[in-house]
Amino acid sequence: MKTLLDADYIVRDERPVVRLFYKQDDERVIEEVADFEPYFYALSSVDINVLAEKVKALENVTKVETKTMTDIKGEVEVLRINTKIPGNVAELRVKVASLQECREVREADIPFSRRYLIDSQLSPMENAENIGLTIASLDIECLSEGGAMDADKNPIIMVSYADNKGLNRVWTCKKTAFKAEWLEVLEGEKTMIEKLVQTIGERNIDLIVSYNGDNFDFPYIEDRAKKFGVKVDVGIDGEEVKTERRGMNMGARVKGRPHVDLYPVCRQTFNLPRYQLEDVYLHIFKEEKRDIDTGKMREYWDDEKKFPELAEYSLSDAVSTLKIAERVLPLQYELCRVIREPIYENSRMSSSQRVERLLMNKAFEKNVVVPNRPSDDESGERYQEPFEGAYVLEPLKGIHDNIVLFDFRSLYPSIIISHNVDPSTIDCKCCKKEEAHIAPNNHYFCKKKKGFIPGVLEWLVKKRGEMKDEFKKEADSQKKAILNVKQQALKLLGNSMYGYYAFVRARWYSRDCAEAIAAWGREYIQKTIDEARKTGFEVVYGDTDSIFITKPGEQDKKKIESDAKEFVRKVNEKLPEAMELEFEGFYPRGIFITKKRYALTDEKGLLTVKGLETKRRDWAEIAKDTQNKVLHAILHDRNPEKAAEIVKQVVKDIKEGRVKLKDLAIYTQMTRGMGEYLVDGPHIQAAKKAMKQGMNFKQGSIITYVITKKGDSISDQAKVIDFVEEGDYDADYYIGHQVIPAVLRILEALGYSEQELRGLGKQMSLEDW
DNA sequence: GCGGACTGCTTACCT
DNA sequence: ACAGGTAAGCAGTCCGCG
């Protein structure tokens, strides 16, 4: 049994050698492939043989052959141009492209080891679960003075390590009397780094995980190691870890022993207000992780009594990182297998990159020549040409009883499949418009030849169906879990296809296709809404692919549900085969505030909230929690007086200074670089003040701030939480701008007028908001 | 000089 | 750095007001 963990290439005797890093049984092996040459394609503007002759005369060309492939507009003759080493491609493609006879160069920007994986059709991480990978997590602590981390000055004081074969270690250089079986006191920083490297090697680690290792632990270790002349040669063949630029961020790459930074993975996998290790751990395991105030690192380090706390915290970082890895890696493995990408790359890819990678694999299988990536100018132009998206029905605002929710199962993917939406089938020559799939946007799609992307989608849907069937049949819970992850991965890829068509940097971008899909979507939901109304339902709300209905005058819940199910059956009879309207659920009560903002209770009293403040990271916990309680009181307990009582108490707590800072914190992401803001909102002004005191924020950082007492405007009052004392908060702001607006929206929708609320306000002693 | 109306910028959500 | 549709807050400006 073997599993492919990593791939790269080296140049030996002026020939490229692809290296495949496997774990085979219990051994680590490197397979070398020496007979694979880099190549790319050229399309000709004249007779392909004329171009071929010209190309043959160019330097470093080893082989030229003509081939028929499928392009967007149909079959094309292409020239496959082989060259000696990958390093030649950049120069050669320019020479070829500048030949008069050359129309276009294709597939010249695919990295060589990726090219090999596409052509060999090898899947990384096959058998990963069965082979028993040895996974290690690592984490460092360093002694920083006042916020800023500077690898030049501040030493590493602790390295913690945990692996899934039972070894837990904290290596430190403090001469301490504290003893623990996992604590090992070493001479100094240099020895600690050496110990880490040595342990990874000795324990034959297959996969290294970290939390923010790309941007912190590895670059830091590298810098410190350099100081001591130590090599961080943790790679399988003794290569050192290399931090490389990957778009806007860094990636710490370890050859053959993939390093997965769980921070980007978690940011993509979960939707949370913040993504510190503690937050993610709490979210997944519903359990607080040990934490310390890292601002007081010096104290923990110097004080012998406090030191054990630091050591335990450090160990818990490594241990919880490993636990998180075990939770999130299965989906990563699965994505690796489907898109045939090694895990180092896959774990740092965006969903559009994954879709594109899958399409490139399928293109190879189906003899399709891959379109080029657009230039910056081209994607800029595409960006200037937006199109109409989904339909959203204005909700009937207020409370509704006995709501039935329907939605179209995978609306966009099913439209793409049903109507064969593809850049190669749009307005085809082989069908008359009337005989084709006519889209609501003045285009039509071929009915004779299946498009490339609908074909790939169909494959994803079919595979997913198989996984779901096997899931149902499987009894073993571990195997069930794997099957479930498999279907999840396929679903993720399928659901990204529409967005990919509309993504301006996509190779297979097609505004016309995206627009047609959205237009069809609008047509299906609008027709369904009309049909529901004709059938005697009231349509309370609908968004894109979902419809909320009630049946006025009908009290019998069973009757409502059965009528609704009958309606679904009727609609489905008329829909294309791949499309389906699904009965999603029955809700005894719901409140609709505006488009995209509503709340429902199911029969067990479980609350579903969408879009309201409760769901937003940029509202304080005190406001979100109060809104949530008010919703529960109204929807489930049906008791507005209770709601009023809750608000009254919270307002009192705020006024009397009893609220903790963590409940007042507002989280807001910095979505661009500091210099790019035209208007500095509260989070930016708070961040700027904090940066003067040594803190660091960059694009993507989530800023945690509180509105304090002092200042001329809200932004002026905003301060990063680390610099705020307990009790220093603007009570009027939290009452008037947080709690009251959040609950008022609910009470207003209940039918209270503004005046009544002010009256109620007096009762509730809210008179001064 | 003040407050309400309005606009533009910004964010995070929904599907 | 997958899409468009949407609500909403804050900062700043405009406008009316003897």
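Only heavy atoms go into these numbers, but all of them, side chains included; no hydrogens, no water, no symmetry mates. Note that the structure is predicted; figures quoted are calculated from it, not measured. So that the names make sense, note that chain A is the first sequence line, chain B the second, and so on, each numbered from 1.
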Colleague: Under the side chain to side chain contact (heavy atoms under 4.5 Å, CB included) test, which residues partner A:Lys698, sequence neighbours left out?
Modeller: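 For A:Lys698, the residues satisfying side chain to side chain contact (heavy atoms under 4.5 Å, CB included) (neighbours in sequence not counted) are A:Asn215, A:Asn249, A:Ser701.
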Colleague: Please check the phosphate of C:dA1 (OP1 and OP2 only) for any side-chain N or O of A:Gln353 closer than 4.0 Å.
Modeller: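 False: A:Gln353 side-chain N/O out of range (4.0 Å or more) of C:dA1 OP1/OP2.
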Colleague: Any chance you could measure A:Ser510, atom OG, to A:Phe503, atom CZ, to the nearest 0.5 Å?
Modeller: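 Atom-to-atom, A:Ser510:OG and A:Phe503:CZ are 15.0 Å apart.
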Colleague: Any carboxylate oxygen within less than 4.0 angstrom of a Lys/Arg side-chain nitrogen, looking at A:Arg745 and A:Glu748?
Modeller: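 Looking at A:Glu748 together with A:Arg745, the answer is no, because their closest N to O distance does not fall below 4.0 Å.
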Colleague: I'd like to know if A:Glu613 pairs up with A:Arg597 as an ion pair, taking the criterion as any Lys NZ or Arg NE/NH1/NH2 lying under 4.0 Å from an Asp or Glu carboxylate oxygen.
Modeller: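 Yes, charged N to carboxylate O under 4.0 Å.
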Colleague: Give the rounded distance in Å between these two atoms: CD of A:Glu676 and P of B:dC9.
Modeller: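 In whole Å, B:dC9 P and A:Glu676 CD are 15 Å from each other.
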Colleague: For residues 387-396 of chain A, please give each side-chain donor-acceptor pair under 3.5 Å, one per line with the distance, not counting sequence neighbours.
Modeller:
{"unit_1": "A:Glu388", "atom_1": "OE2", "unit_2": "A:Arg522", "atom_2": "NE", "d": "3.3"}
{"unit_1": "A:Glu394", "atom_1": "OE2", "unit_2": "A:Lys397", "atom_2": "NZ", "d": "3.3"}

Colleague: Please collect all side-chain hydrogen bond (donor to acceptor under 3.5 Å, both in side chains) contacts where either partner lies in residues 580-589 of chain A, sequence neighbours excluded, each pair once.
Modeller: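 Pairs touching residues 580-589 of chain A that pass the test: A:Asp401-A:Arg589, A:Arg409-A:Glu580, A:Glu584-A:Tyr587.
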Colleague: So A:Arg672, base contact, sugar-phosphate only, or nothing? Heavy-atom distance under 4.0 Å.
Modeller: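 Here A:Arg672 touches the backbone only, sparing every base.
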Colleague: Does A:Thr668 place a side-chain N or O at less than 4.0 Å from the phosphate oxygens OP1/OP2 of B:dT11?
Modeller: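 Result: no.
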Colleague: For A:Pro111, enumerate each residue passing the side chain to side chain contact (heavy atoms under 4.5 Å, CB included) test, keeping only those at least two apart in sequence or located in another chain.
Modeller: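 Once residues adjacent in sequence are excluded, the partners of A:Pro111 under the side chain to side chain contact (heavy atoms under 4.5 Å, CB included) criterion are A:Arg114.
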Colleague: Starting at atom CG of A:Asn441, determine the distance to atom P of C:dA3, rounded to an integer number of angstrom.
Modeller: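 Those two atoms, CG and P, are 19 Å apart.
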Colleague: Between A:Ser352 and C:dC2, does any side-chain N or O lie under 4.0 Å from OP1 or OP2?
Modeller: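 It does, given that an N or O in the side chain of A:Ser352 lies less than 4.0 Å from OP1 or OP2 of C:dC2.
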Colleague: Provide, to the nearest angstrom, the distance between the CD1 atom belonging to A:Ile684 and the P atom belonging to B:dG8.
Modeller: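 Going from CD1 in A:Ile684 over to P in B:dG8 covers 21 Å.
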Colleague: Could you write out each protein N or O paired with an N or O of nucleotides 2-7 of chain B at a distance under 3.5 Å?
Modeller:
none

Colleague: ring-ring contact (aromatic ring centres under 6.0 Å, His included) with A:Phe216: which residues, sequence neighbours excluded?
Modeller: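 Testing A:Phe216 for ring-ring contact (aromatic ring centres under 6.0 Å, His included), a comparison that skips the adjacent residues, returns A:Tyr220.
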Colleague: Would you give a per-nucleotide map of nucleotides 5-14 of chain C, 5' to 3', where B means the base has a protein non-hydrogen atom under 4.0 Å away, S means only the sugar-phosphate does, and - means neither?
Modeller: BSSSSSS---
Colleague: Can you check the A:Asn271 CG to B:dT11 C1' distance for me, whole Å?
Modeller: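 My rounded result for the distance is 13 Å.
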Colleague: Which residue pairs pass the salt bridge (Lys or Arg N to Asp or Glu O under 4.0 Å) test with at least one member in residues 498-507 of chain A, sequence neighbours excluded?
Modeller: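 Sorted result for residues 498-507 of chain A: A:Asp109-A:Arg507, A:Glu356-A:Arg507, A:Asp376-A:Arg505.
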Colleague: Mind checking side chain to side chain contact (heavy atoms under 4.5 Å, CB included) for A:Lys624 and listing every partner two or more places apart, or none if nothing turns up?
Modeller: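 Expected list: A:Trp619, A:Glu621.
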Colleague: Under 4.0 Å, heavy atom to any atom of DNA chain C: which of residues 503-531 of chain A qualify?
Modeller: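 Within residues 503-531 of chain A, the residues near DNA chain C are A:Phe503.
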Colleague: Can you identify which nucleotide, out of B:dC14, C:dA3, B:dA12, has its nearest atom closest to the A:Tyr498 side chain?
Modeller: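 The answer is C:dA3.
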Colleague: Tell me whether the side-chain N/O atoms of A:His683 come closer than 4.0 Å to OP1 or OP2 in B:dT11.
Modeller: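 Affirmative; the distance criterion is met.
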Colleague: Quick one: A:Phe592 CZ to B:dC14 P, roughly how many Å, whole number?
Modeller: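 From A:Phe592 CZ to B:dC14 P: 14 Å.
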Colleague: Starting at atom CZ of A:Arg348, determine the distance to atom C1' of C:dA1, rounded to an integer number of angstrom.
Modeller: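 Nearest whole value for this atom pair: 17 Å.
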Colleague: Could you tell me how far apart A:Asp543 (CG) and C:dA3 (P) are, to the nearest whole angstrom?
Modeller: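 The answer, rounded to whole Å, is 18 Å.
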Colleague: From C-beta outward on A:Tyr598, which listed nucleotide comes closest to its side chain: B:dA12, B:dC14, B:dC9?
Modeller: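 Among B:dA12, B:dC14, B:dC9, the one nearest the side chain of A:Tyr598 is B:dC14.
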Colleague: Enumerate donor-acceptor pairs with a distance under 3.5 Å from any side-chain N or O in residues 673-682 of chain A to protein atoms, sequence neighbours excluded.
Modeller:
{"unit_1": "A:Glu676", "atom_1": "OE2", "unit_2": "A:Gly673", "atom_2": "N", "d": "3.3"}
{"unit_1": "A:Tyr677", "atom_1": "OH", "unit_2": "A:Thr671", "atom_2": "N", "d": "3.1"}
{"unit_1": "A:Asp680", "atom_1": "OD2", "unit_2": "A:Lys688", "atom_2": "NZ", "d": "2.6"}

Colleague: Counting just side-chain N and O atoms, does A:Tyr677 come under 4.0 Å of either OP1 or OP2 of B:dT11?
Modeller: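 So the side chain of A:Tyr677 is within the cut-off, an N or O lying under 4.0 Å from OP1 or OP2 of B:dT11.
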Colleague: Under 4.0 angstrom, heavy atoms only, what part of the nucleic acid is A:Tyr541 near: base, sugar-phosphate, or nothing?
Modeller: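 The answer is nothing, as A:Tyr541 stays clear of every strand by at least 4.0 Å.
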Colleague: What side-chain hydrogen bond (donor to acceptor under 3.5 Å, both in side chains) pairs are there with at least one residue in residues 705-722 of chain A, not counting sequence neighbours?
Modeller: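 Checked against side-chain hydrogen bond (donor to acceptor under 3.5 Å, both in side chains) - neighbours excluded - the pairs reaching residues 705-722 of chain A are A:Gln717-A:Asp730.
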Colleague: In whole Å, I'd like the distance from the CD1 atom of A:Ile415 to the P atom of C:dA3.
Modeller: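 That distance rounds to 18 Å.
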